[in-house]
Amino acid sequence: MDEGHPEVTLAAGSLLLRPWRPDDAPALLRAHADPAMRHWLATQLTSAEDAAGWLAEQREGWAAGNLFGFAVTDTALGGELVGNLVLKRHGPASDTAEVGYWTTASARGRGVAPRALMALCDWAFAAFAAFTGEGLARLELVHQVDNEASCRVAEKCGFALAGILPAFPPAYPLDGHRHVRSAVVQDAPQQVSAAGRRAESAGTAGGRATRR
C-alpha cells in the first residue's frame, strides 16, 4: 500500500474495526487503566499526553503504510471501544507482516479477539495482494509463553505455532511463542482443552510483553 491508500473500515458481526481517531483518547486511557493491560502490554498509557502521542503514531502509520491500527468497537453496545488490532509491515517489499491485539476488560470472554483478528487477516491478505501485486505470504503473531489466552486466540484464527523465541531479559524475561498463518490455511485450527475458559490476558500488541 502507499500513502494514497484510504483508511478502511472492517466489520465482523456487530464488531466494527476502524482507524483510531483523536476523540478516542478517553476510552483509550480507560482501557489502559485495566490491571491486565498493565500486566501484559509493554506500552503504558497513563496521561492525556501519552494517549495523544499514541494516537498520532497510529495516524502516521497509516500515512506511511507500515502500521495499520484499528479501534475495535461494538455497534451492539452503542459503539463502545472493546479492543485494538494492528498490522505491522516489515517493509514495502516484504511478504510477511506482524499482527497484534488487545481487548478491554469488559470484552474478554465474548470472542471479540478471534472475530476481530479473523477480519483483519482476511483484509490484509486481500488488500495487500490488490495494491502491491505481490501480497502477503504470511502473518506472524508473537506472545510471551505464559500468555495462554493469546495462544488460544492464535490457534482459533489459524496461526500455527512455528517456534519458540528465547528469553531476552530484562525486556523479555520469558520465552515467547511465534505463531504463523499462511495466506492459504490448509489445516483446521487446533483446539485446546482450555478454550472455554474466560481469557485473562489483555492480548499482545506485537511482541512479548514485559511481566509487571
remark   = In terms of heavy-atom contacts, P173 and P169 come closest through CA-CG, 4.2 Å
ask   = Got a donor-acceptor contact below 3.5 angstrom from the D175 side chain to the A167 backbone?
value = yes
ask   = Taking the side chain as C-beta and beyond, is there a heavy-atom pair between W54 and N84 under 4.5 Å?
value = yes
ask   = Would you say T73's side chain and L16's backbone share a donor-acceptor pair under 3.5 angstrom?
value = yes
key: ILVMFWY network linking L10 to L139, side-chain heavy atoms under 4.5 angstrom   = yes
ask   = Would a distance-only check, ignoring hydrogens and angles, find a side-chain to backbone donor-acceptor pair under 3.5 Å from R89 to S94?
value = yes
note = Across all chains, not counting sequence neighbours, the side chain to side chain contact (heavy atoms under 4.5 Å, CB included) partners of A116 are L15, L17, V72, L85
query = Looking at V112, L81, V82, which one forms a side chain to side chain contact (heavy atoms under 4.5 Å, CB included) with T103?
reply = V112
task = Flag the pair Q58 / P19 as yes when at least one side-chain heavy-atom distance between them is below 4.5 Å, and no otherwise.
result = no
request  = Give the ring-plane orientation class for F68 versus W123, where under 30° counts as parallel, over 60° as perpendicular and anything between as tilted.
outcome  = perpendicular
message = Between R18 and T9, do the side chains contain a donor N or O and an acceptor N or O under 3.5 Å apart?
response = no
inquiry  = Determine whether a donor-acceptor pair (N or O, by modelled atom type, separation under 3.5 Å) exists between the side chain of D122 and the backbone of A119.
reply    = no
key: Considering all heavy atoms, the nearest A113-Y101 contact   = CB-CE1, 3.7 Å
message = Hydrophobic clusters here meaning ILVMFWY residues chained together by side-chain heavy-atom distances under 4.5 Å, can you tell me if L141 and M118 are in one?
response = no
inquiry  = So L87 and F128, do their side chains get closer than 4.5 Å, heavy atoms only?
reply    = yes
Reported NE2-to-CD distance for the pair H143 and E148, which is rounded to 0.5 angstrom = 9.5 Å
query = Linking I/L/V/M/F/W/Y whenever their side-chain heavy atoms sit closer than 4.5 Å, directly or via other members, would L136 and V8 fall into one cluster?
reply = yes
task = Decide yes or no on ring pair (Phe, Tyr, Trp, His ring centres under 6.0 Å) for F70 and W20, but give the supporting numbers first.
result = CA-CA 6 Å; F70 292 86; W20 287 89; over 10 Å; no
request  = Taking the side chain as every heavy atom from C-beta outward, state whether E57 and L67 have any pair of such atoms under 4.5 Å apart.
outcome  = no
key: Any S150 side-chain heavy atom under 4.5 Å of Q144 side chain   = no
query = What residues form a side chain to side chain contact (heavy atoms under 4.5 Å, CB included) with A48, not counting sequence neighbours?
reply = none
query = Between E80 and S106, does any side-chain donor sit less than 3.5 Å from a side-chain acceptor?
reply = yes
task = Report yes if some heavy atom in the side chain of F159 is under 4.5 Å from a heavy atom in the side chain of H177; otherwise report no.
result = no
inquiry  = Ignoring hydrogens, what is the shortest heavy-atom contact between A162 and V180? Give both atom names and the distance.
reply    = CB-CG2, 3.6 Å
note = Only residue of D34, L29, L28 satisfying side chain to side chain contact (heavy atoms under 4.5 Å, CB included) with H32 is L28
key: Heavy-atom closest pair, residues Q44 and M37   = NE2-O, 4.0 Å
remark   = Residue set satisfying side chain to side chain contact (heavy atoms under 4.5 Å, CB included) with S14, at least two apart, ordered chain then number -> D74, T75, A76, R115
note = Correct closest heavy-atom pair for C121 and R181 would be CB-NH1, 3.6 Å
ask   = Counting distance only, does the side-chain N/O of R178 pair as donor-acceptor with the main-chain N or O of L165 below 3.5 Å?
value = no
